[in-house]
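Please read the structure below before turning to the comments.
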There are 2 protein chains.
Amino acid sequence: MEESAELVAGHSIAAVERDTGLQKDTLRVWERRYGFPQPLRDANGERVYPPEQLERLRQIKRLIDQGMRPGKIFAADAASLEEWLGNAPAGTDEPQHAEFLALLRRQRSGELRQNLQQNLLKLGLQRFVTELVGPLSVEVGLAWKRGEVSVAEEHLYTEQLQTVLRGAIQALHNPTQRPRILLTTFPDEQHSLGLLMAEAMLAPEGACCTSLGIQTPLADIAHAAISGEFDIVALAFSSHFPARQAHAGLAELRQQLPAHVEIWVGGKHLTERAAPAAGLIYLADMAALLSALSHWRNRGTG
Amino acid sequence: MEESAELVAGHSIAAVERDTGLQKDTLRVWERRYGFPQPLRDANGERVYPPEQLERLRQIKRLIDQGMRPGKIFAADAASLEEWLGNAPAGTDEPQHAEFLALLRRQRSGELRQNLQQNLLKLGLQRFVTELVGPLSVEVGLAWKRGEVSVAEEHLYTEQLQTVLRGAIQALHNPTQRPRILLTTFPDEQHSLGLLMAEAMLAPEGACCTSLGIQTPLADIAHAAISGEFDIVALAFSSHFPARQAHAGLAELRQQLPAHVEIWVGGKHLTERAAPAAGLIYLADMAALLSALSHWRNRGTG
DNA sequence: CCCCCTATTTGTCCTGGACAAAAATCAATC
DNA sequence: GATTGATTTTTGTCCAGGACAAATAGGGGG
């Protein structure tokens, strides 16, 4: 019922699904439409994927995650595929970032954290976020796309950064001040760093931040905001969150919340596209959080 | 391509797969063979599962995970099914837990964290985990199932607990000692608290823990373990992770890792079922981590 | 009681067709 | 020329119903 061992021959379709994240149906329909992958068959007629094809599928998945379309990928030959994987738009590596990336690639989690901690003390929390963490996270993402950093190493980065940021935020928590801000994301959103960075920007300003973490259902966000008497609901969206889904959800949330509760929308790709929905405040970057905050305070007192 | 919202009508087969851990093929073949579930159909002829059937499927999955066979379950009537399920040893609410739950329901995140922090100081990190956090997390989960606690409140609990645990762990990190333990979960696993609790148990013992957080692809776990020269890979599984998927993945991981790297498997429901896969060390609870650790040390020095 | 053989149960895989959401392309307007 | 709206193409998921092997249960010997 389940492949076992599979000594050298290859992998079952279930194993490929596990390893690549591509659904079984997708693998079969690709084979039918594009002629790749073209697995061998065992005695029972079941697909057996050789290791090379699995590796190629992993690469293809990476390209698709980057937004490339299957049609183009399968039409291309091996040469241009290699090229796409290697086409680093060479973000000018600042020397500081190169150092972090080197630590990451060598899995020196302790040193990495120490280094982050030192920079936090040197820069202060807010500049730490805007000047170091923001750009560095982008850089790590790019390095992952280029295949220079593995998923495991990206996770390592996230973990260490979480520890450092949470430690700093914890010390600043002030439960009595205003505004009261509820931070969270929609369901399907996987990335929590944006929330932590936002909290790190707002906490030193004396805002009372409460984070629900990622993936809070819409109805729960609205209910929590009302019953917790929050002034602002801040939503974070990572760059590949479907814009359509975001706008639909935001419209519904706006409707469920009383007008005096502001909704802050973080996520560069949502601000770029002109989508001037009423009653929403779009924030292009972390610095914009500060102006939005002072704006709220001026309004409140003025 | 993907269901969204699904206001009240019901759930797609993909949603049911996500929620129950039962594969799409299994759901279809049950319908064919046993006549249950019997989902409605939408305009396009696709299955739409009403909430009651989804709930029943969840119950059935629980019974199967306990070792009961589908044939018996589907042959039984509703009464005896209730009876099978009813033998749950009603968790006696300790007064301390009631207090935490009350804070949670009133969204007093600050007081909640303070309270957790005080208990941490009072009990020490390891007893804090085994005596308070473990039982309390189960209690919160049950309260959620009973509808007494919302998703938002559960998230709030997770966030506060993360802050407290990470703060405590950070101070203990010791990068030079042995064994070096890599902590993470398989893809599809959503819950990170188990990892943090494990780290909290191990760090005071002088183990060098590195957490990759949740959802690390199999190949990346193996690669990171080897290149990082880890002695142990510890995987956490929450109670509803599909056992089948877990065992398949563990077998493959065992194959990809050198024999001298131990694999520790955390998750009560995986240890209950007799699944004596060779080369894996099953841990029924947090306390078992300590005996596994001393076992490793005796072996290493003995 | 344990071990081996057979029968049943049960989950996964298969094929090939269909369709809707998302993306891309094209058309028309300010 | 750029933005909006309609149309076409691409692409992932779903369906039916048949097949088969691993897992389990049942039945004798030793």
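To find a chain, count down the sequence lines: A is the first, B the second, and so on, and within it residues start at 1.
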query: D:dC14 P sits how many Å from A:Gln23 CD, rounded?
result: 6 Å
Could you list the protein-to-nucleotides 23-26 of chain C atom pairs, N/O on both sides, closer than 3.5 Å?
residue, atom, partner, partner atom, Å
C:dA23, O3', A:Arg69, NH1, 3.4

- request: Tell me, please, which residues at least two apart from A:Thr216 pass side-chain hydrogen bond (donor to acceptor under 3.5 Å, both in side chains).
  value: A:Thr184, B:His155
field: Any B:Asn44 side-chain nitrogen or oxygen under 4.0 Å from OP1 or OP2 of C:dC19
entry: no
- line: Across all chains, not counting sequence neighbours, the side-chain hydrogen bond (donor to acceptor under 3.5 Å, both in side chains) partners of B:His223 are none
query: Which residues satisfy the side-chain contact (heavy atoms from CB on, under 4.5 Å) test with B:Ala224, sequence neighbours excluded?
result: A:Gln107, A:Ala152, B:Leu182, B:Leu212
- request: Give every residue pair that meets the salt bridge (charged side-chain N to carboxylate O under 4.0 Å, His left out) criterion with at least one member in residues 39-54 of chain B, sequence neighbours excluded.
  value: B:Glu31-B:Arg41, B:Glu31-B:Arg47
statement: Residue set satisfying side-chain hydrogen bond (donor to acceptor under 3.5 Å, both in side chains) with B:Ser137, at least two apart, ordered chain then number -> B:Tyr157
task: Can you sort out the partners of B:Phe186 under ring pair (Phe, Tyr, Trp, His ring centres under 6.0 Å), two or more places apart, ordered by chain and number?
output: B:Phe237
statement: Sorted by chain and number, sequence neighbours left out, side-chain contact (heavy atoms from CB on, under 4.5 Å) with A:Ala292 holds for A:Trp264, A:Leu283
task: May I ask you to verify if any side-chain N or O of B:Arg47 is less than 4.0 angstrom from the OP1 or OP2 atom of D:dC14?
output: no
task: For the helix from C:dC1-D:dG30 to C:dC30-D:dG1, measure the angle between the helix axis at one end and the axis at the other, each built from five pairs, rounding to 10°.
output: 40°
query: Whole-Å distance between D:dT11 P and A:Leu63 CG?
result: 13 Å
message: Rounding to an integer number of Å, can you tell me how far B:Leu57 CG sits from C:dG11 P?
response: 12 Å
- prompt: Where along residues 25-35 of chain B does a heavy atom fall under 4.0 Å from DNA chain C?
  reply: B:Asp25, B:Thr26, B:Val29, B:Trp30, B:Arg33, B:Tyr34
- prompt: Between D:dG12 atom C1' and A:Glu17 atom CD, what is the distance in whole Å?
  reply: 13 Å
- prompt: Atom CG of B:Leu22 and atom C1' of C:dT12: how far apart are they, to the nearest Å?
  reply: 13 Å
task: Using atom CD1 of A:Ile73 as one end and atom P of D:dG12 as the other, report the distance to the nearest whole Å.
output: 9 Å
message: Under a 3.5 Å distance rule, please check whether B:Thr26 uses its side chain to pair with a backbone N or O of B:Leu22 as donor and acceptor.
response: no
field: For B:Phe74, ring pair (Phe, Tyr, Trp, His ring centres under 6.0 Å) partners two or more places apart
entry: B:Trp30, B:Tyr34
- prompt: Just how far, in rounded Å, is P of D:dC15 from CD of B:Gln38?
  reply: 14 Å
field: Counterpart residues, side-chain hydrogen bond (donor to acceptor under 3.5 Å, both in side chains), relative to B:Arg32 (two or more places apart)
entry: none
- request: Output yes when a side-chain donor or acceptor of B:Glu252 lies under 3.5 Å from a complementary backbone atom of B:Leu218, and no otherwise.
  value: no
query: Does A:Lys24 make a side-chain N or O approach to OP1 or OP2 of C:dT12 shorter than 4.0 Å?
result: no
- prompt: Atom CD of B:Glu46 to atom C1' of C:dA21: distance rounded to whole Å?
  reply: 11 Å
